Amino acid sequence: MRLVIHQNHEKASLWAAAHIANKIKTYDQSKPFVLGLPTGSSPLVIYKEFINMVKKGELSFKNVRTFNMDEYIGIPSDHPQSYRTFMMENLFKHVDIDHKHIHLLDGLAKDLQKECENYEKAIVDEGGIELFLGGMGTDGHIAFNEPGSSLTSRTRIKSLTEETKSANSRFFDGDIKKVPGTALTVGVGTVMDAREVVIIVTGRNKARALKACVEDGINHMWTLSCLQMHPKAILVCDDAATEELKVGTVNYFKDIEKDNINN
Ligand code: GLP
């Protein structure tokens, strides 16, 4: 697992955007680039930068297929806080992606179990995910794989913890009662199958979870820690998120990544 530490959220995001754009541009153009994507505040600057790059003609999503990580159950897809709406507003409607290449889970599907099975099959049919971009919850979750999730889990229904509902209530008028209690999410195993995983982790409120995921062992109570087993995982952080790490850990990663960062 690589830890690439930047001064702030903006610099971390621009680095992650450039890294992913470079992967898309240098990919074998005879096959689609399959990109996994998150929602939340963490990827917003990355998405803005993708839009800038597309507008400047430096990046194209014509050869990209996307799979989003998760979606709330029980709210319509055109609800202002659905993850479909989030993705349309913050990325898809501003870039040159063919909308039939966008995959999002349907939280109002009649048969939610079948919806999850079909999603896993669609990923396989597209050749598997080349790069999964993600964020991390304050409790160390990846996608909506809350503490205690199986580290081999696949796409399925999950109940959300009070901590996650409280964190996400800022998007629902600050009212935790308005936050859906369940969601569809890719599993930890689904993320682990991606050929590369890039996670953006910034802010002091992620420091406790980052410490657990980087310095402690693999543990289902901090599901992102499973990335310690991934052959190609990068956590892109800012200084604030590293505040609970040991000085030696921070110095170690800053040293081995010094040629890859222009801070
Ligand atoms: C939600 C999402 C996660 C995301 C997390 C962090 O719980 N399901 O995919 O990583 O929030 O959100 P934020 O980036 O807003 O801190």
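Note that ligands are numbered from 1 as they come in the structure, with each ligand's atoms numbered from 1 the same way. The shown structure was predicted, so the numbers you read here are calculated from the model rather than taken from an experiment. All residue numbers refer to positions in the sequence shown, counting from 1. Computed from heavy atoms alone, side chains included, the values below leave out hydrogens, waters and symmetry copies.
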Could you give the N/O to N/O pairs under 3.5 Å linking ligand 1 and the protein, each with its distance?
| from | atom 1 | to | atom 2 | distance (Å) |
| --- | --- | --- | --- | --- |
| ligand 1 | 7 (O) | H141 | NE2 | 2.8 |
| ligand 1 | 8 (N) | D70 | OD2 | 2.7 |
| ligand 1 | 8 (N) | A143 | O | 3.3 |
| ligand 1 | 10 (O) | M136 | N | 3.3 |
| ligand 1 | 14 (O) | S41 | N | 3.3 |
| ligand 1 | 14 (O) | S42 | N | 2.9 |
| ligand 1 | 14 (O) | S42 | OG | 2.5 |
| ligand 1 | 15 (O) | S41 | N | 2.8 |
| ligand 1 | 15 (O) | S41 | OG | 2.8 |
| ligand 1 | 15 (O) | R170 | NH2 | 2.7 |
| ligand 1 | 16 (O) | K206 | NZ | 2.7 |

(message) Main chain of D106, side chain of E115: is a donor-acceptor contact present, judged purely on distance under 3.5 Å?
(response) yes

(message) Apply the hydrophobic cluster definition, ILVMFWY joined by side-chain contacts under 4.5 Å directly or through others, and give me every member besides W222.
(response) M221

(message) Whether E71 and R84 form a salt bridge (side-chain N of Lys/Arg under 4.0 Å from carboxylate O of Asp/Glu) is what I want to check.
(response) no

(message) Under the side-chain hydrogen bond (donor to acceptor under 3.5 Å, both in side chains) test against R156, which residue among N145, T185, T190 passes?
(response) N145

(message) Connecting only ILVMFWY residues whose side-chain heavy atoms lie within less than 4.5 Å of each other, what is the rest of F172's hydrophobic cluster?
(response) Y72, I75, Y83, F144, L160, F171, V179

(message) Connecting only ILVMFWY residues whose side-chain heavy atoms lie within less than 4.5 Å of each other, what is the rest of V247's hydrophobic cluster?
(response) none

